[in-house]
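Nothing here was measured: the structure is a model prediction, and the numbers come from that model.
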Amino acid sequence: MKTVSILSDSTCDLSAELLEKYEIATFPLHIHLGDREYADGINITPEEIYQWSDENKATPKTSALSPFEAQEVLSKLLEVSEEVLCFCVSETMSSCASVMRMAARELDMEERVFVVDSANLSTGIGLQIIEAAIMAQQGLRAKQIAERLEVVKPMVRASFVVDTLTYLHRGGRCSGLAALAGSTLRLHPCISVVDGKMQAGKKYRGKMEKVICEYVDDLKPDLETACPERVFITHSGCDAPVIAAVEQKLKELGRFEEILITRAGSVITSHCGPGTLGVLFIAGN
């Protein structure tokens, strides 16, 4: 029997290769397109979401898994693991973590299930998961890992530059006037995750390839002192030259052992829209 299994909801945006490499199990959150419900990463793609959203001038609704589904997921893992360490998208954004804790109580498995509020999203969660998986491989128990992650969590730097404000407007995260002004002036806001919440920062102006390079340049002081093991480029369907330009800038720093490129899943892209790109890493001490 495995000692500790690492589990995450689908918003961690880790590639299939990374999930396999670090032996991470995942479960999908739900996406609602009108009266139809889909499972993130299972039977819906970001492209299908963009098409529906543009046709209906609306942002899809997203939701956590049901209590029954949560119990089913945990039950299966507990059959093969002594403990489960479960990561969820920030509790300020979703009820996923509370549902998983409720499921652990209903199963009377609270001593074997440890639920982590990542206080983050996308590969901001993924960075924590990989750290946890490495610690599990080293023989640490779930409670020990969860305690050590409390030090890591505030060091995670997650930010994204949004290509279009349309999706944020449809989801109620910016006004119609702001979206119109942004489109007219070609503004691209930087959205950062701070204390588990999304907040708007600098607004870049111009073509996306130029904007993204400026964004990476602004991150340079923090990137130069970041933890060197890995950095993520996570995007929601950017053009290849844009991604390549960011990757090249990160390579030129000569800092990171791994530069990992991942595609954001359907839950994340439902809210940010196409063309969004972020550079995510763990800050140095």
Side-chain angles (χ1 to χ4, degrees), residues 11-13 31 40 45-54 56-62 89-90 92-94 120-126 156-219 222-223 231-247 249-250 261-281:
T11 63
C12 66
D13 289 343
I31 297 160
D40 184 14
T45 66
E47 285 73 23
E48 290 171 326
I49 288 173
Y50 299 151
Q51 182 179 349
W52 181 90
S53 185
D54 290 341
N56 292 272
K57 308 300 181 189
T59 292
K61 304 295 183 183
T62 57
V89 65
S90 175
T92 64
M93 304 177 192
S94 171
N120 224 298
L121 51 73
S122 190
T123 46
I125 309 171
V156 175
R157 300 292 179 262
S159 62
F160 302 84
V161 173
V162 180
D163 185 27
T164 172
L165 289 169
T166 300
Y167 285 72
L168 291 173
H169 167 53
R170 290 172 182 167
R173 288 177 169 82
C174 80
S175 69
L177 182 60
L180 177 61
S183 177
T184 302
L185 299 174
R186 301 176 75 175
L187 295 178
H188 307 276
C190 178
I191 309 294
S192 300
V193 180
V194 179
D195 296 329
K197 300 177 182 178
M198 291 189 292
Q199 66 177 32
K202 181 176 178 178
K203 294 181 176 65
Y204 296 91
R205 183 175 180 178
K207 292 184 178 180
M208 198 58 175
E209 187 167 353
K210 168 181 170 291
V211 162
I212 287 295
C213 288
E214 289 180 15
Y215 157 69
V216 179
D217 286 340
D218 286 342
L219 290 176
D222 287 335
L223 288 168
V231 60
F232 276 98
I233 301 170
T234 300
H235 66 97
S236 64
C238 290
D239 292 336
V242 173
I243 299 169
V246 175
E247 184 179 19
K249 278 187 167 289
L250 294 177
I261 301 172
T262 66
R263 176 76 185 262
S266 297
V267 167
I268 300 299
T269 56
S270 291
H271 299 288
C272 68
T276 297
L277 184 144
V279 174
L280 302 94
F281 56 95

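Note that NZ of K203 and NE2 of H188 are 13.0 Å apart. Values are rounded to the nearest 0.5 Å. The CG atom of N120 lies 7.0 Å from the CE atom of M93; values are rounded to the nearest 0.5 Å. The distance from atom CD1 of I31 to atom CD of E48, rounded to the nearest 0.5 Å, is 10.0 Å. Atoms CG and SG, from L219 and C190 in turn, are 7.0 Å apart once rounded to the nearest 0.5 Å. To the nearest 0.5 Å, atoms CG (L121) and SG (C12) are separated by 11.5 Å. The line from CD1 of I261 to OG1 of T123 is 11.5 Å long, rounded to the nearest 0.5 Å.
Minimum interatomic distance between V279 and Y215 (heavy atoms only, all atoms of both residues): N-OH, 2.9 Å. The nearest pair of heavy atoms linking G265 to D40 is C-OD1, 4.0 Å. The two atoms that bring C213 and K249 nearest to each other are CB-CE, 3.5 Å, heavy atoms only. The minimum heavy-atom distance linking S266 with I49 is given by the pair CB-CD1, 3.3 Å. Between T276 and G273, the shortest heavy-atom distance links the atoms OG1-O, 3.4 Å. Across all their heavy atoms, K197 and T92 have their closest contact at CG-OG1, 3.8 Å.
Between L223 and R157, every side-chain heavy-atom pair lies at or beyond the 4.5 Å cut-off. Contact of the C238 side chain with the M208 side chain is not registered, since no non-hydrogen atoms from C-beta on lie closer than 4.5 Å.
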Exercise for review: Please test F160 against I268 for side chain to side chain contact (heavy atoms under 4.5 Å, CB included), starting from the C-alpha separation and ending with a verdict.
Suggested key: CA-CA 11 Å; F160 302 84; I268 300 299; 5.5 Å; no

Check your understanding: Between V156 and L280, is a side chain to side chain contact (heavy atoms under 4.5 Å, CB included) present by the stated rule, with each step listed?
Key -> CA-CA 7 Å; V156 175; L280 302 94; 5.9 Å; no

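T262 and D13 share no donor-acceptor pair across their side chains, judged by distance under 3.5 Å alone.
Counted within 6.0 Å of NZ on K61, heavy atoms from surrounding residues, nucleotides or ligands total 12 or fewer; the atom is thus considered open.
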